[in-house]
Amino acid sequence: MNIFEEYIKQINSLILKKQQFLKLNNLNNFKGIVVESPPPEFNCDLSCNAALVLAKFNKTNPKELADKIKKLILNDLNDFDKIEIAGPGFLNLKLSNNSLITNINKILENEETYGKKQCSNTYNIEFVSANPTGPMHVGHCRGAVYGDVLANLLKFNGNKVTKEYYINDYGNQIKNFAKSVFLRIREIKYNEKFITKEDLYPGEYIIEISKKIIKSNKKEKFDKFDESIELIKKESLSHSMDLIKLDLKKLGIEHDNFFSETKLISNKLVDKAVNHLKKNNYVQEGYLEPPKGEKDKTWKKTKRLIFKSTLFGDDTDRAMQKDDGSWTYFANDVGYHMDKVNRNFEYLINVLGADHTGYTKRITAAVKALSENKVKLNCKVCQLVKLYKNGKPFKMSKRAGEFISVQDLLKEVDKDSIRFMMLNRSNDVELDFDFDKVLEKSKDNPVFYVQYSFARISSLFRTLNKDLKDKIDLDKKSFSLNENEIKILRKIFEWPKIIETASSKYEPHKIPYYLYELATLFHSYWSKGNEDLNFKFIENGKIKRTETLAIIVLVAIVIQRGMNILGVSLPDKM
RNA sequence: GCGCCUGUAGCUCAACUGGAUAGAGCGCUUGGCUACGGACCAGGAGGUUCUGGGUUCAAAUCCUAGCAGGCGCACCA
């Protein structure tokens with residue numbers, strides 16, 4: 001149920017019915033006409049721009065048109081008490097008490113699904129996909145939470161969502177990773193000193209993995225790297241992925257599918273994808289231009305397979321093969337995305353870190369080519385996270401430039417705060433994450449502030465000895481809302497719209513912002529009781545007005561739905 | 001040189017995707033509350049929305065030319 005959508009339908013069909021009376025030649029399919037919530041200073045519930053939009057297409061005076069529409073609405077629809085024309089021709093509508101009650105009851109009766117937009121599409125969200133050469137660092141955290149909440153959001157609306165992790169377990173970096181483990185094993189077993197080199201991974205976790213491998217392979221001698229490489233690769237990858245999965249679990253994230261790059265190669269998915277593209281002439285042999293900007297002396301002009309991604313909006317065509325004829329990383333990814341397309345997803349979403357900005361065009365182009373434009377791939381880039389402590393840039397690393405791991409972060413900050421704060425910004429803005437702020441129990445800390453409002457509500461219900469799910473009967477004769485309640489109710493009406501834009505534009509940050517605003521209105525109402533005893537909710541252990549109870553339950557419902565989608569807990573005592 | 005992102009109050013950011021007098025938090029400042037749950041609430045000051053041009057009833061939002069910052073710009077992954 002979405003109150004704006006319901007009334008725009010009614011208003012539009014009324015206008016259609018009375019098109020001649022309104023002297024409108026062109027309705028332009030009602031494009032751009034919306035009902036929304038007006039700025040608070042216009043004390044009304046809904047606002048509609050129909051006259052403004054239609055006046056434009058019919059070259060008439062918007063205010064006069066607004067006046068006609070106003071009369072029609074008051075005549076034909078009985079949900080409204082009063083309509084005012086404001087500004088250039090906005091219709092500001094005030095709902096009657098009866099329609100307020102009807103709308104409140106609708107929400108109370110469908111509390112589990114309030115805000116849900118009925119959809120049934122299939123989505124694949126690929127996110128995190130951190131290299132399996134080590135544990136997750138903070139940089140991965142933002143994309144992880146973003147992807148997870150996006151999945152929750154789309155699922156809430158009834159879509160089928162597959163959360164996927166692409167494991168880059170192929171290529172040179174994995175070889176170096178295995179080599180590092182091998183050398184650590186030699187170090188432990190034969191006391192050979194581990195020498196730090198550029199390509200090798202020195203981290204503590206490598207030693208842990210090495211120990212585990214020694215333990216599970218007591219007979220193995222680990223004499224030559226070439227002989228042990230397969231065994232080491234397999235086991236260390238599995239240990240490494242376990243570490244990552246554990247981190248994710250602690251953040252409340254679980255993927256549905258892990259897709260291995262190695263399997264992609266062994267199943268010849270790349271060859272299949274390339275052949276598919278060749279048939280359409282999207283891939284052919286050719287030469288690439290040397291990279292512009294800094295001159296690279298090692299550049300050689302070599303004939304190779306090239307994907308014509310410029311046909312699909314990329315800036316330059318892309319190499320599918322290296323000099324030695326093997327596939328590039330991109331070619332493998334094309335194979336992977338061919339598989340996604342074949343699995344019949346309607347929408348693909350890739351959540352990437354800021355360092356992959358330059359990659360999005362080519363893979364988006366590839367999906368267009370692979371699916372003949374039928375499947376939409378949307379690459380969402382999460383900008384950097386900057387860590388602060390006490391307002392100062394913060395580095396926990398022993399050596400400069402080393403990333404702070406998720407484990408380190410989790411030692412200081414709980415999952416709820418991490419999740420909420422990681423979404424408290426639009427994904428394409430850099431995010432400052434302050435360790436101290438996040439731990440504060442104050443208005444400074446939005447997580448706390450929202451949770452606190454729910455704790456207050458829970459406490460209220462304990463005092464009343466009532467349950468949030470108890471039925472509420474609103475009396476039509478005596479029904480009236482005070483100024484605070486009407487403000488809150490109007491905010492509650494906005495919830496479905498927040499869900500709608502957050503999910504259709506992939507902007508989950510709308511939710512924390514909204515919840516914070518809702519919590520503010522509630523805290524404000526609560527405090528009114530301190531100034532004026534008339535505003536106290538309870539008298540002699542009983543609620544004074546049923547209306548208040550209903551409004552508070554609505555707040556609880558929306559905060560629960562919202563925090564549920566964010567994956568943040570909502571304690572009833574704090 | 002090229003691409004993507006960003007530029008809004010002193011600071012960190014919103015702005016229903018083209019709507020009405022551009023809003024929050026922090027900081028500054030004035031006051032109130034001290035247990036329906038205290039960790040809050042109310043008010044005040046603070047703006048050329050980076051700059052110039054354009055599109056229209058209407059621009060922070062769209063187009064265009066610049067400026068500034070960030071991230072990238074392999075046959076790495």
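Each chain gets a letter, A, B and so on, in the order the sequences are listed, and its residues count up from 1.
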Whether [Y] and [X] form a salt bridge (side-chain N of Lys/Arg under 4.0 Å from carboxylate O of Asp/Glu) is what I want to check.
X	Y	answer
K340(A)	E126(A)	yes
K497(A)	E500(A)	no
R545(A)	E485(A)	yes

**Asked** Side chain of S426(A), base of A14(B): donor and acceptor closer than 3.5 Å?
**Response** no
Just the atom pairs and distances: protein N or O near nucleotides 35-40 of chain B's N or O, under 3.5 Å.
unit_1: C36(B); atom_1: OP1; unit_2: K536(A); atom_2: NZ; d: 3.4
unit_1: C36(B); atom_1: O2'; unit_2: T463(A); atom_2: OG1; d: 3.4
unit_1: C36(B); atom_1: O2; unit_2: I538(A); atom_2: N; d: 3.2
unit_1: C36(B); atom_1: N3; unit_2: F537(A); atom_2: N; d: 3.4
unit_1: C36(B); atom_1: N4; unit_2: W526(A); atom_2: O; d: 2.8
unit_1: G37(B); atom_1: OP1; unit_2: S459(A); atom_2: OG; d: 3.4
unit_1: G37(B); atom_1: O2'; unit_2: R456(A); atom_2: NE; d: 3.3
unit_1: G37(B); atom_1: N7; unit_2: S459(A); atom_2: OG; d: 2.2
unit_1: G37(B); atom_1: O6; unit_2: A455(A); atom_2: O; d: 3.3
unit_1: G37(B); atom_1: O6; unit_2: R462(A); atom_2: NH2; d: 2.4
unit_1: G37(B); atom_1: O6; unit_2: D572(A); atom_2: O; d: 3.0
unit_1: G38(B); atom_1: OP2; unit_2: R456(A); atom_2: NH2; d: 2.6
unit_1: G38(B); atom_1: OP2; unit_2: W526(A); atom_2: NE1; d: 3.3
unit_1: A39(B); atom_1: OP2; unit_2: Y452(A); atom_2: OH; d: 3.2
unit_1: A39(B); atom_1: OP2; unit_2: R456(A); atom_2: NH2; d: 2.9
unit_1: A39(B); atom_1: O2'; unit_2: K441(A); atom_2: O; d: 2.8
unit_1: A39(B); atom_1: N7; unit_2: Y452(A); atom_2: OH; d: 2.7
unit_1: C40(B); atom_1: OP1; unit_2: K441(A); atom_2: O; d: 3.4
unit_1: C40(B); atom_1: OP1; unit_2: K443(A); atom_2: N; d: 3.0
unit_1: C40(B); atom_1: OP2; unit_2: K443(A); atom_2: N; d: 3.4
unit_1: C40(B); atom_1: O2'; unit_2: S527(A); atom_2: OG; d: 3.4

**Asked** When you compare C26(B) with A39(B), how far apart are their P atoms, in angstrom units rounded to a whole number?
**Response** 14 Å
Under 3.5 Å on both distances, the Watson-Crick or G-U partner of [N]:
N	value
G72(B)	C2(B)
C62(B)	G54(B)
A42(B)	U30(B)
A15(B)	none

Where do N or O atoms of nucleotides 55-61 of chain B meet protein N or O atoms at under 3.5 Å, pair by pair?
none

So, does [X] get its side chain near the phosphate of [N], meaning an N or O under 4.0 Å from OP1 or OP2?
X	N	answer
K322(A)	A77(B)	yes
K510(A)	A15(B)	yes
H509(A)	A15(B)	yes

**Complete:** Winner on side-chain proximity to D432(A), out of G70(B), C13(B), C41(B), is C13(B)
**Fill in**
Regarding the side chain of L288(A), the nearest nucleotide among C75(B), G70(B), G19(B) is C75(B)
**Prompt:** NA contact type, N131(A), heavy-atom cut-off 4.0 Å: base, sugar-phosphate, or nothing?
**Reply:** sugar-phosphate
**Fill in**
Taken to the nearest 0.5 Å, the spacing of Q284(A) CD from L277(A) CG works out to 12.0 Å
**Fill in**
In this structure, OH of Y7(A) is separated from CZ of F493(A) (nearest 0.5 Å) by 7.5 Å
**Geometric cation-pi criterion, K116(A) with F156(A): 6.0 Å, 45°** = no
**Request:** Show the numbers, then the answer: is there a side-chain hydrogen bond (donor to acceptor under 3.5 Å, both in side chains) between D324(A) and S326(A)?
**Result:** CA-CA 6 Å; D324(A) 64 4; S326(A) 64; 2.7 Å; yes
**Complete:** Judged by nearest nucleotide, the residue sitting upstream toward the 5' end of RNA chain B, N92(A) or G171(A), is N92(A)
**Asked** Does the side chain of K437(A) reach to within under 4.5 Å of the side chain of Y388(A), using non-hydrogen atoms?
**Response** no
**Asked** For the residue pair G87(A) and K63(A), what are the closest heavy atoms and their distance?
**Response** O-CE, 2.9 Å
